[in-house]
Protein chains: 2
Amino acid sequence: MAKLLQPEAETTDPRILRSRRMLMDALARLLMKKEFEDVSVQEIADEATLNRATFYLHYADKNALLQAMTESRFRDLIERRAITFTGCKGALRAIALGVCDYLVESTGCPTQLSRMALEGSIIPIVEDMFKEGLAHHGMAADADSSLPATTAAWAVFGAARRWFQSPNRVPAEEMAARIETMVSPILFGASQ
Amino acid sequence: MAKLLQPEAETTDPRILRSRRMLMDALARLLMKKEFEDVSVQEIADEATLNRATFYLHYADKNALLQAMTESRFRDLIERRAITFTGCKGALRAIALGVCDYLVESTGCPTQLSRMALEGSIIPIVEDMFKEGLAHHGMAADADSSLPATTAAWAVFGAARRWFQSPNRVPAEEMAARIETMVSPILFGASQ
DNA sequence: ATTACTAAACGACATGTGTCGATTAAAAGA
DNA sequence: TCTTTTAATCGACACATGTCGTTTAGTAAT
């Protein structure tokens with residue numbers, strides 16, 4: 001495993017940003033035609049009109065690209081909706097709805113999801129939002145407050161994933177409400 | 001992807017059982033020396049004193065073997081403790097403790113866990129236990145009762161995983177109790 | 001014991017993976 | 001403008017992956 005270029009987005013070099021954007025876009029385009037497992041690094045590089053070696057300057061393998069792409073696009077969706085977890089229940093529902101909608105609009109076929117490791121990119125983001133919200137709400141952001149954040153994030157993702165893969169889906173809004181009901185005791189305590 | 005032999009354990013042919021057992025044991029031995037990512041199918045086959053092609057008769061790739069091994073060993077642990085989810089809170093705590101202990105005793109180094117997809121094998125088992133328990137408890141095992149089971153399973157695994165990766169772990173028993181407190185409203189409703 | 005069945009072994013193949021060193025070219029500062 | 005820096009390209013390499021057809025040998029039933 002050779003070292004990559006700038007670890008994350010912490011760069012302003014237009015060449016780096018351009019290459020990463022093109023790789024993500026290329027993968028997104030390929031995923032509309034075939035399954036992730038059947039996409040090779042060579043194909044991604046070709047689709048992005050980049051050399052295969054350039055791919056490895058940025059990502060360790062195609063899974064790392066998938067992770068980065070998922071993270072970037074999920075962040076976009078959250079930002080587009082201007083969701084901030086203020087620590088209220090409504091925000092929890094909005095986040096759950098965001099996860100549901102993201103799965104629908106990003107993953108063509110539900111069967112694909114099972115083989116893709118999206119949890120690694122989505123859950124940490126949701127977790128951070130919960131942590132921020134709980135900190136804003138007065139609770140200190142120590143290890144005690146971050147355990148519920150982690151647990152709630154996994155619960156939300158697991159529920160949304162299950163919903164997305166179920167044959168007859170109820171509307172996303174209804175699912176988000178049910179997730180809120182189930183998950184809010186984790187964050188706010190069983191009393192509320 | 002060629003088709004494999006008997007889909008799962010539904011075989012009595014001693015040759016098949018022997019090969020699978022040897023492959024799982026070989027992988028377990030190799031994981032004590034190096035990371036999963038650095039283990040090749042050839043190494044696994046050599047360690048198991050089997051031909052590499054024989055590996056592919058049983059598993060699609062090394063991830064599939066890891067999944068099968070994890071599932072088998074986690075089931076063993078549950079069975080050894082004779083845990084049955086009767087629908088009571090105590091059973092939930094026992095299951096949470098089982099997941100915590102499994103992570104400790106099966107995964108050498110916590111950093112390995114992040115790159116391994118164990119959730120795919122552990123969560124479904126926990127989920128099934130929850131479903132069974134809820135059904136026993138009178139609730140019908142329809143889609144409505146299985147959503148909490150899924151959600152709770154993800155929550156338990158996420159919390160246990162976080163605990164396992166944290167630097168200064170509290171005792172597993174204490175963690176199991178905290179998981180029980182957080183997760184039980186998902187299964188039993190926020191009222192109880 | 002003979003037979004039918006089929007898992008395991010073996011060698012070989014095309015393709016994909018990850019890395020390397022050397023070269024070219026684009027970005028940014030003097 | 002010139003210079004420095006470093007990303008991108010290119011060809012090549014050793015190795016891993018997944019599959020195939022054939023042969024060997026273990027299993028189970030007659």
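Nothing here was measured: the structure is a model prediction, and the numbers come from that model. Just so we're on the same page: letters track the sequence lines, and every chain starts at 1.
Within a 6.0 Å sphere centred on CD of A:Glu105, heavy atoms belonging to other residues, nucleotides or ligands number more than 12. Within 6.0 Å of the CZ atom in B:Arg81, the count of heavy atoms belonging to other residues, nucleotides or ligands exceeds 12.
Distance B:Arg18 CZ to D:dA25 P: 15 Å, rounded to the nearest Å. Rounded to whole angstrom, the span from the CG atom of A:Leu57 across to the P atom of C:dG18 amounts to 14 Å. In this structure, B:Gln42 places its CD atom 14 Å from C1' of C:dA12, rounding to the nearest Å. Rounded to whole angstrom, the span from the CD1 atom of B:Ile44 across to the C1' atom of D:dA16 amounts to 12 Å. Rounded to an integer number of Å, the gap from CG of A:Asn63 to P of C:dG16 is 17 Å. Going from atom CE of A:Met22 over to atom P of D:dA7 covers 18 Å, rounded to whole Å. Atom CD of B:Glu37 is separated from atom P of D:dC15 by 19 Å (rounded to the nearest Å). The interatomic distance linking A:Leu17 (CG) with D:dA8 (C1') rounds to 15 Å, in whole Å.
Within the 4.0 Å cut-off from OP1 or OP2 of C:dG18, at least one side-chain nitrogen or oxygen of A:Tyr56 is found. For D:dA8, the OP1/OP2 oxygens have a side-chain nitrogen or oxygen of A:His58 closer than 4.0 Å. A close approach under 4.0 Å does occur between a side-chain nitrogen or oxygen of A:Ser19 and OP1 or OP2 of D:dA8.
Closest contact between the side chain of A:Val41 and the listed nucleotides C:dA8, D:dT17, C:dT17 involves C:dT17.
Within the nucleic acid shown, A:Asp13 comes within 4.0 Å of sugar-phosphate atoms alone, with no base atom in reach, counting heavy atoms only.
The residue from A:Leu50, A:Leu57, A:Asn51 that alone fulfils the side chain to side chain contact (heavy atoms under 4.5 Å, CB included) condition with A:Ser19 is A:Leu50.
For B:Ser40 and B:Pro14, each mapped to the nucleotide of DNA chain D holding its nearest heavy atom, the one lying further toward the 5' end belongs to B:Ser40. Mapping A:Ala53 and A:Glu43 onto DNA chain C via the closest heavy atom, the residue that lands nearer the 5' end is A:Glu43. Nearest-nucleotide assignment on DNA chain D puts the 5′-proximal partner with A:Arg52, out of A:Arg52 and B:Asp61.
A donor-acceptor contact under 3.5 Å is not formed by the side chain of A:Arg15 with the base of C:dA27.
Contact check on B:Lys33 versus B:Glu43 returns no salt bridge, with no Lys/Arg side-chain nitrogen under 4.0 Å from an Asp/Glu carboxylate oxygen.
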Next item on the list: Please lay out, stage by stage, how B:Arg162 and A:Ser146 fare under the test side-chain hydrogen bond (donor to acceptor under 3.5 Å, both in side chains).
Entry: CA-CA 10 Å; B:Arg162 186 212 154 69; A:Ser146 66; 2.8 Å; yes
